Protein chains: 2
Amino acid sequence: MPSPNALAEIGALIGDPGRANMLDALLDGRALTARELAECAGVAPQTASGHLAQLIDAGLVRMERQGRHRYHRLASAEVARLLEHVAQFVAGAGSTPRHSVRTGPRDLALRMARTCYDHFAGRLGVGIADALLARGYIELDADGGTVTDAGQDFLHGFGVAARLGKRPRRLFCRPCLDWSERRPHLAGALGIAIACRCFELEWVRRTSTRAVTITAAGQRGLRETFGISL
Amino acid sequence: MPSPNALAEIGALIGDPGRANMLDALLDGRALTARELAECAGVAPQTASGHLAQLIDAGLVRMERQGRHRYHRLASAEVARLLEHVAQFVAGAGSTPRHSVRTGPRDLALRMARTCYDHFAGRLGVGIADALLARGYIELDADGGTVTDAGQDFLHGFGVAARLGKRPRRLFCRPCLDWSERRPHLAGALGIAIACRCFELEWVRRTSTRAVTITAAGQRGLRETFGISL
DNA sequence: CGGACGCTACGGCCGCACCCGTAGCATGGG
DNA sequence: CCCATGCTACGGGTGCGGCCGTAGCGTCCG
């Protein structure tokens, strides 16, 4: 049975709160030990070990030994996409917002700017997408997006052209709906390239969590380059 | 808590075999009654009713009353995308195929040609994508795809141009990895338009399941138009 | 209007699997 | 060489949730 049981199998894997917390902790792309993940999930290390064995067996998580430590990370960016896709469906995205939209007071930093495995999300990610869209550098619709000729020039000036390859054909950028802003931001090759460049310029800096902080240089650079002021 | 519990909540919803079977039965886009879905899942009607209440509450399923019947269908095409996305991850797509790749002997018709909510999948869907790609009518990469100028002309001749709108800008087609063929096929606006046109021409016909049968006219048309012989 | 049908609401049963004890194995450092 | 560390392997306890009884309400036909 390929499809029906597969759905249930993967769903049950994601469905357990402990495993869900671990996967969420891994969403920034880092590699963590079983002990660290156990703390994230709020369970004992041996419990976490069992969960990790299941996740590895299903191909969602990859483990690599390094000395006497064993680091666990998501198996691929595709897994991160899947998890973000699932997280979008919290309580009927389209229809009636049943309970009043609960804005988590705790994670303001996460809502402001965070990494989504390999690109930016939150107000930072949405802001960049909006800026590129408003200036006619990209075009988006429900299925995907492309970089315009003017956008190619802009990206070249921003210093990400090399990272995107020199192929003359159009570049694709995958829109990725944001769970906090409920609006699309840029993933795919373009999203990766922009995020890498921002780290390179030290406009943003990683924290201990998925949230990223915007440096003073970043405030200035984002305003001058994209017209964003956070 | 927006993300972590959301992951677990939706995951647990998909994770139950009963609910997974119901969702799978709804993947072709039809609306079914609670009784029919109960039979699909192999549970009693009142059990199915409880499951459906949960799915509706979470916004995955929509219910509409019609006389004394209550029809249930997926809330949106986006839900169908999610379920297909989840189903792709059966047993580590990328790495080692743990058990020998079990080809379901039962569902040969499904592997050959089926609907994926609003577009074609299986060998039919992959074959169409391959044909368009080989003839230079579309371009694909990991993040998305576009229709070329030659492709625009071809689609116009095939009779789907009107359905896609007359806007001069490029059309986007979302690649959708197939769980049986493990290769991309066409979803999005383009995939929908092609599928609709094939039904219109009576090249394919719906069956009682998600599988579709290819008519004699379809065999001929697919061969002449796309060079596909199934 | 009476009967049949379709569905939902409540209660108890039961089983799965999550969870954490302790024990045992591999790796690295002193 | 011995000890410390990190992890996995088994065992039993427990709680959540699926499953199906019966009961009750609304909707359509004769």
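Quick caveat, the model's predicted, so the values are computed rather than measured. Quick note: numbers below take in every heavy atom, side chains included, and nothing from hydrogens, waters or symmetry partners. Residue numbers start from 1 in every chain, and the chains themselves are labelled A, B, ... in the order their sequence lines are given, proteins ahead of strands.
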Can you tell me the distance, in whole Å, between the [atom1] atom of [X] and the [atom2] atom of [N]?
| X | N | atom1 | atom2 | result |
| --- | --- | --- | --- | --- |
| B:E39 | D:dC20 | CD | C1' | 17 Å |
| A:L37 | D:dG6 | CG | P | 15 Å |
| A:I56 | D:dC7 | CD1 | P | 12 Å |
| B:E36 | C:dG6 | CD | P | 11 Å |
| A:L55 | D:dT8 | CG | P | 12 Å |
| B:N21 | D:dC19 | CG | P | 10 Å |
| A:D57 | D:dT8 | CG | P | 13 Å |
| B:M22 | C:dC7 | CE | C1' | 14 Å |

Is B:R210 reaching over with its side chain to a backbone N or O of B:T115, donor-acceptor style, under 3.5 angstrom? yes
Under 3.5 Å: donor-acceptor pair, side chain of B:N21, backbone of B:P17: yes
Is the phosphate of C:dA26 approached by A:R70 (side-chain N or O, under 4.0 Å from OP1 or OP2)?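 Answer is no, no contact under 4.0 Å.
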Does a nitrogen or oxygen in the side chain of A:S49 sit under 4.0 Å from OP1 or OP2 of D:dT8?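 For D:dT8, OP1 or OP2 has a side-chain N or O of A:S49 closer than 4.0 Å.
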Of A:Q54 and A:R65, whose nearest nucleotide on DNA chain C comes first from the 5' end? A:Q54
If you find the nucleotide of DNA chain C closest to A:P45 and the one closest to B:A34, which residue's nucleotide is nearer the 5' end? B:A34
What do you reckon, is CD of A:Q219 surrounded by more than 12 foreign heavy atoms closer than 6.0 Å?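 Result for CD/A:Q219: enclosed.
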Listed nucleotide nearest any side-chain atom of [X], set [options]:
| X | options | result |
| --- | --- | --- |
| A:H51 | C:dC19, C:dG6, C:dT8 | C:dC19 |
| B:H69 | D:dC7, C:dC20, C:dG6 | C:dG6 |
| A:T47 | C:dC7, D:dG18, C:dC20 | C:dC20 |
| A:D16 | C:dT8, C:dC19, D:dC20 | C:dC19 |
| B:Q46 | D:dC19, D:dC7, D:dT22 | D:dT22 |

Would you call the rings of B:W203 and B:F158 parallel, tilted or perpendicular, taking 30° and 60° as the class edges? tilted
Could you tell me whether A:E200 and A:R197 have a side-chain N and a carboxylate O separated by less than 4.0 Å? yes
